[in-house]
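Naming: A, B, ... by sequence-line order, numbering from 1 per chain.
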2 protein chains.
Amino acid sequence: MQADNVLKRNTRQKSAIESVVLSSSDHPTALTVCERAKDMVPGLSLGTVYRVLNMLVKEGVVREISVPDAPSRFDKTTRTHAHFVCTVCGELHDVEVDEGSFLRHAKERCIGDEIDEAEILFKGLCADCKGVKP
Amino acid sequence: MQADNVLKRNTRQKSAIESVVLSSSDHPTALTVCERAKDMVPGLSLGTVYRVLNMLVKEGVVREISVPDAPSRFDKTTRTHAHFVCTVCGELHDVEVDEGSFLRHAKERCIGDEIDEAEILFKGLCADCKGVKP
DNA sequence: CTCCTTAACGATAATCGTTATCATTATCAT
DNA sequence: ATGATAATGATAACGATTATCGTTAAGGAG
């Protein structure tokens with residue numbers, strides 16, 4: 001007997017997708033994960049990537065980062081939760097903020113509610129695009 | 001002569017939409033704004049609501065709040081930027097956090113990048129849903 | 001006040017990321 | 001090896017939003 005929200009068979013596609021995400025440091029989209037995993041599993045379909053990615057998110061192995069007006073990014077789970085997106089090129093990276101004290105600060109002014117998590121997204125120009133723009 | 005990103009004619013639909021947003025304190029979606037504005041402008045279409053709402057966002061009169069896996073919410077512009085969404089009922093409200101010091105904190109660890117804005121979304125159970133859930 | 005230009009409208013098709021469906025394939029306990 | 005069925009790939013469907021386009025109506029000129 002097994003938990004019913006977990007994949008029950010090991011497949012080439014699942015391990016390919018998992019290894020791509022675990023070895024990527026650039027927060028790829030589902031489409032990018034699919035392209036990369038196709039090196040190992042040629043006929044891989046985007047639907048399967050989404051399905052497996054969602055499983056991995058449920059399992060806590062992978063994290064999904066929602067970006068307004070852009071496809072979600074996927075990343076191996078680490079402590080960090082804050083991110084920075086470049087509004088020009090779309091590049092996205094972690095920001096190591098002290099989320100703990102910020103959450104505590106927020107909870108103090110949300111009496112009654114139960115805050116479970118915080119999504120923090122900074123927007124602006126990345127170092128590269130800043131340099132290019134006059 | 002006028003700026004070319006601004007509506008140039010006063011219409012019943014624009015003033016209805018604007019007055020609905022300005023008088024709503026519950027962060028309505030475009031669909032909700034449309035329903036409410038229909039009291040004043042019966043045949044109002046959702047496409048027009050989106051068009052006008054986007055204009056108002058550009059003008060800075062209205063703010064758009066992106067919510068993952070849910071339609072955007074619209075709100076009259078005030079100082080606050082942080083929000084709380086209930087993962088059960090979808091209720092959304094402002095959270096008065098000290099965003100200034102948090103932004104300063106973040107900028108210190110994003111050397112090279114230019115942070116223009118922060119989107120901060122807390123997720124959890126609102127007071128009502130917390131009470132209902134055993 | 002009427003006419004005329006054209007901004008803005010309503011209806012509807014299109015887009016895009018993501019999810020659901022479903023017949024086919026392939027995993028793995030027997 | 002075989003069979004039950006989980007997982008796949010292809011494709012249709014979805015929901016939020018945007019674009020298109022023929023029609024309507026602001027609002028300035030006469």
Mind checking if [X] touches a base, just sugar-phosphate, or nothing, with heavy atoms under 4.0 Å?
X        : value
Asn54(B) : sugar-phosphate
Leu31(B) : nothing
Ser72(B) : sugar-phosphate

Quickly work out the [X] [atom1] to [N] [atom2] distance and round it to whole Å.
X        : N       : atom1 : atom2 : value
Arg12(B) : dA26(D) : CZ    : C1'   : 11 Å
Leu44(B) : dA25(D) : CG    : P     : 14 Å
Lys14(A) : dT25(C) : NZ    : C1'   : 19 Å
Arg9(A)  : dA6(D)  : CZ    : P     : 6 Å
Leu53(A) : dT19(C) : CG    : C1'   : 13 Å
Arg51(B) : dT18(D) : CZ    : P     : 11 Å
Glu18(B) : dA8(C)  : CD    : C1'   : 15 Å
Gln13(A) : dA10(D) : CD    : C1'   : 14 Å

Next on the checklist: Once rounded to the nearest 0.5 Å, what's the spacing between atom CG of Leu31(A) and atom OH of Tyr50(A)?
Outcome noted: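 So the gap between those two atoms works out to 7.5 Å.
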Checklist entry - Which nucleotide in the set dC9(C), dG9(D), dG10(C) lies at the smallest distance from any side-chain heavy atom of Ser45(B)? => result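 Between dC9(C), dG9(D), dG10(C), the one nearest the side chain of Ser45(B) would be dG10(C).
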Checklist entry - Closest to the Lys8(A) side chain: dA8(C), dT17(D), dA7(D)? => result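 Side chain of Lys8(A) sits closest to dA7(D).
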Checklist entry - Quick one: is Tyr50(A) getting a side-chain N or O under 4.0 Å of the dT19(C) phosphate, OP1 or OP2? => result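 No, no such contact exists.
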Checklist entry - For dT30(C), which nucleotide in any strand shown is its Watson-Crick or wobble partner with both distances under 3.5 Å? => result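 WC or wobble partner is dA1(D).
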Checklist entry - Mapping Ile17(A) and Leu46(B) to their closest nucleotides on DNA chain D, which lands nearer the 5' end? => result Ile17(A)
Checklist entry - Between Gly43(A) and Asp69(A), who's closer to the 5' end of DNA chain D by nearest nucleotide? => result Gly43(A)
